[in-house]
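First the structure, in the form of structure tokens, and then the observations on it.
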2 protein chains.
Amino acid sequence: MNEQIKALCCEYDIKFTTARFSILMVLKKASQPMNYEQIKEKMDSAMDKATFYRNIALFEEAGMVHKFEGDDRKWYFELSGKTHAHFICEQCHRIICMDVDFGEVEGEVKSIVLKGICKACQS
Amino acid sequence: MNEQIKALCCEYDIKFTTARFSILMVLKKASQPMNYEQIKEKMDSAMDKATFYRNIALFEEAGMVHKFEGDDRKWYFELSGKTHAHFICEQCHRIICMDVDFGEVEGEVKSIVLKGICKACQS
DNA sequence: TATTTTATGCAACTTAGTCGCAAAGGAGAT
DNA sequence: ATCTCCTTTGCGACTAAGTTGCATAAAATA
Ligand SMILES: [Mn+2]
Ligand SMILES: [Mn+2]
Ligand SMILES: [Zn+2]
Ligand SMILES: [Zn+2]
């Protein structure tokens, strides 16, 4: 795992530090987008939020991580992969990764967020 | 205009008040989604932000107004019409209303926001 | 008119994220 | 190893969009 994350940093031209490792470790293991609190909880060692957000900003700028706002006014992060959409349910607050096709969109899309009521909550 | 807004309130079962009129007046005239500051600026008479947000929450719940978060961590509002997407440019911060088709989406979609770099900023 | 309910304004509060600054860490030069 | 310079980190103070409590005002109901 350590090597994979080092490789990731290398690929995006970002210096490898322990703080960065901690964050990326959690994101790599994650199966869902996560917010600061959630990531912090999963980290082995504590980290100041200033450090966290500064590094996240770095990752984002490099295109390594994508973020979007959840229904709770918090930012959610995930490692960039194939661009896909997230559906956020206003009732159960679940975030559902989805694979929708938009056809042509002008410009470069970095995140797509749909909000509404999920199928489970509707019935 | 006054009558149209009264009718709108009536349709959504919302009592007509001067504060509500002020907000809806601005939203009806708007050609773009607007945030609190922008709406306030266009209003004839001043209004407290608590009143504003409380009424907006009411409109939202009734389904009369839709909101989404902009790139600046502010909420943007517009009168509900045909559900459509907004593209927000991370560089010029323009909000572009767009008419995309997603095909089937499970659940009830209330807002769709795409973020990225708009065509104008790309070149 | 008197009573009850709802809407508004003000000020204090909450909280995710930011910023300034000093200390810690790391890479290179001597 | 030691010195120097630059980057990263942690701490604490700060910012600002939106929220909440409470007193007053307006509107509905009797
Ligand atoms: Mn996802
Ligand atoms: Mn629009
Ligand atoms: Zn749901
Ligand atoms: Zn742009």
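Being a predicted model, the structure only gives us computed values, none of them experimental. A, B, ... follow the sequence lines: proteins, then strands. Residue 1 opens every chain.
Here B/T17 does not reach the OP1 or OP2 of C/dA7: none of its side-chain N or O atoms lies under 4.0 Å away. Within the 4.0 Å cut-off from OP1 or OP2 of C/dA16, not a single side-chain nitrogen or oxygen of A/W75 is found. Regarding contacts with the backbone of C/dA7, a side-chain N or O of B/R20 is found under 4.0 angstrom from either OP1 or OP2. One finds a side-chain N or O of A/Y53 lying less than 4.0 angstrom from the OP1 or OP2 phosphate oxygen of C/dG17.
Each of A/L58 and B/Y76 was assigned the nucleotide of DNA chain D with the nearest heavy atom; the assignment lying further toward the 5' end belongs to A/L58. Nearest-nucleotide positions on DNA chain D for B/T18 and B/E69 put B/E69 closer to the 5' end. With the nearest nucleotide of DNA chain C identified for both B/K49 and B/A19, B/A19 has the one nearer the 5' end.
Contact annotation for A/N35: no contact, since no heavy-atom pair falls under 4.0 Å across all strands.
B/K15 has its NZ atom 9 Å from the P atom of C/dT8, to the nearest Å. When rounded to the nearest whole Å, the span between NZ of A/K67 and C1' of C/dG17 equals 10 Å. Counting to the nearest Å, the P atom of D/dA17 and the CG atom of B/D71 are 14 Å from each other. The separation between A/D48 atom CG and C/dC19 atom P is 15 Å, rounded to whole Å. Distance, A/D72 CG to C/dG17 C1': 13 Å, rounded to whole Å. Atom NZ in A/K40 sits roughly 11 Å away from atom P in C/dA16 (whole-Å rounding). The CZ-P distance, from A/R73 to C/dT18, rounds to 12 Å in whole Å. With rounding to whole Å, A/I14 atom CD1 is found 15 Å from D/dT7 atom P.
You'll find that the side chain of B/A50 is closest to D/dT20, out of D/dG18, D/dT20, D/dT8. Considering only the side chain of B/T51, C/dG9 comes nearest among C/dG9, D/dG18, D/dT9.
Taking hydrophobic clusters as Ile, Leu, Val, Met, Phe, Trp and Tyr residues chained together by side-chain heavy-atom distances below 4.5 Å, A/W75 shares a cluster with A/I39.
At least one donor-acceptor pair closer than 3.5 Å links the side chain of B/R73 to the backbone N or O of A/R73. For the pair B/T51 (side chain) and B/M47 (backbone), a donor-acceptor distance under 3.5 Å is absent.
For the pair B/K67 and B/F77, the cation-pi test (distance below 6.0 Å, angle within 45°) is failed.
A/K115 contributes atom NZ, which lies 12.5 Å from atom NE2 of B/H66 (distance to the nearest 0.5 angstrom).
At a cut-off of 3.5 angstrom, the base of D/dG18 holds no donor-acceptor pair with the side chain of B/R54.
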